[in-house]
Amino acid sequence: MELNKRQERILQIVKDEGPITGEQIAEKLHLTRATLRPDLAILTMAGYLDARPRVGYFYSGKTGSQLLGERVRKLQVKDFKSVPIVIQESSSVYDAICTMFLEDVGTLFVVNKENTLAGVVSRKDLLRASLGKQHLEDMPVSIIMTRMPNIMTCYMEDSLLDAAGKLINNQIDALPVVKEKEGSRKSYEVIGRITKTTITKAFYELGNDEPV
Ligand code: ADP
């Protein structure tokens with residue numbers, strides 16, 4: 001976040017003289033307390049200043065990049081996930097290719113009859129299957145997918161940073177956001193999708209100071 005001239009001056013005053021009240025800062029700048037209120041609110045919300053009742057404002061001591069890091073670590077999967085595109089494990093490779101084009105995604109999540117996560121198919125999985133001589137209409141995706149329990153997943157309440165770590169460390173493009181099915185651990189319902197695009201979008205919004 002870029003600070004304006006007045007916010008920079010307020011920050012300097014608080015650094016030098018804090019704890020200091022809003023009135024005292026206003027006096028030093030020859031402004032009214034009301035004029036300063038929005039700037040003080042921004043500085044406090046962004047984490048540069050802390051405010052204590054009856055004591056006043058003091059400098060948090062945090063640098064811009066520390067504050068950015070704090071903001072990034074607070075981002076959660078549930079606020080960024082997109083709609084998952086899911087196919088049945090009995091679907092053919094041909095149908096999977098059509099779905100990928102129609103839905104404009106790079107990864108499909110595969111579920112079984114109970115709607116439980118069974119696997120993942122990516123673009124390259126489908127390309128590889130297409131190189132063979134077999135009929136794609138007759139080949140079920142279940143024989144080419146990466147299957148459970150080898151699927152990397154994430155939960156709604158996970159941090160987006162952890163999800164990004166899984167994408168990078170496993171060299172994959174997408175993670176299903178899952179919920180454990182009642183009564184059975186390791187059996188998941190797919191409720192969302194986190195992809196490299198999700199992370200790029202969050203990065204873009206943070207950089208443009210949009211409210212993420
Ligand atoms: P692409 O095939 O387009 O490079 P990925 O890098 O996502 O796409 O996929 C690489 C391999 O990892 C594929 O074989 C795919 O089935 C598998 N894969 C993709 N997503 C996951 C995941 N969430 N968990 C485990 N394996 C995955």
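One-based numbering, in listed order, for ligands and for the atoms of each. Numbering starts at 1 and runs along the sequence shown. These values consider heavy atoms only, across backbone and side chains, with no hydrogens, waters or symmetry-generated copies.
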Quiz prompt | Test item, A174 contacting ligand 1 (heavy atom, 4.0 angstrom) | solution = yes

Quiz item: Under a 4.5 Å side-chain heavy-atom rule over Ile, Leu, Val, Met, Phe, Trp and Tyr, are M152 and I168 clustered together?
Solution: no

Practice problem: For ligand 1, indicate whether the residue Q171 contacts it via side chain, backbone, both or neither (heavy-atom separation under 4.0 Å). | Solution: backbone

Practice problem: Examine R128 against ligand 1 and note whether any of their N/O atoms are separated by less than 3.5 Å. | Solution: no

Quiz prompt | Protein heavy-atom partner closest to atom 15 (C) of ligand 1 - residue, atom, separation in Å | solution = D125 OD2, 3.3 Å

Quiz prompt | Which residues share a side-chain hydrogen bond (donor to acceptor under 3.5 Å, both in side chains) with S90, sequence neighbours left out | solution = none

Quiz item: So which of T107, L167, V105, I194 actually passes side chain to side chain contact (heavy atoms under 4.5 Å, CB included) with D173?
Solution: T107

Quiz item: Heavy-atom contacts under 4.0 Å between N150 and ligand 1: side chain, backbone, both, or neither?
Solution: backbone

Quiz item: For atom 10 (C) of ligand 1, which candidate among G106, S122, G119 provides the closest heavy atom?
Solution: S122

Quiz prompt | Check: T107 N/O within less than 3.5 Å of ligand 1 N/O | solution = no

Quiz item: Under the side-chain hydrogen bond (donor to acceptor under 3.5 Å, both in side chains) test, which residues partner T198, sequence neighbours left out?
Solution: T195

Self-check item: NZ (K28) with more than 12 external heavy atoms under 6.0 Å
Solution: no

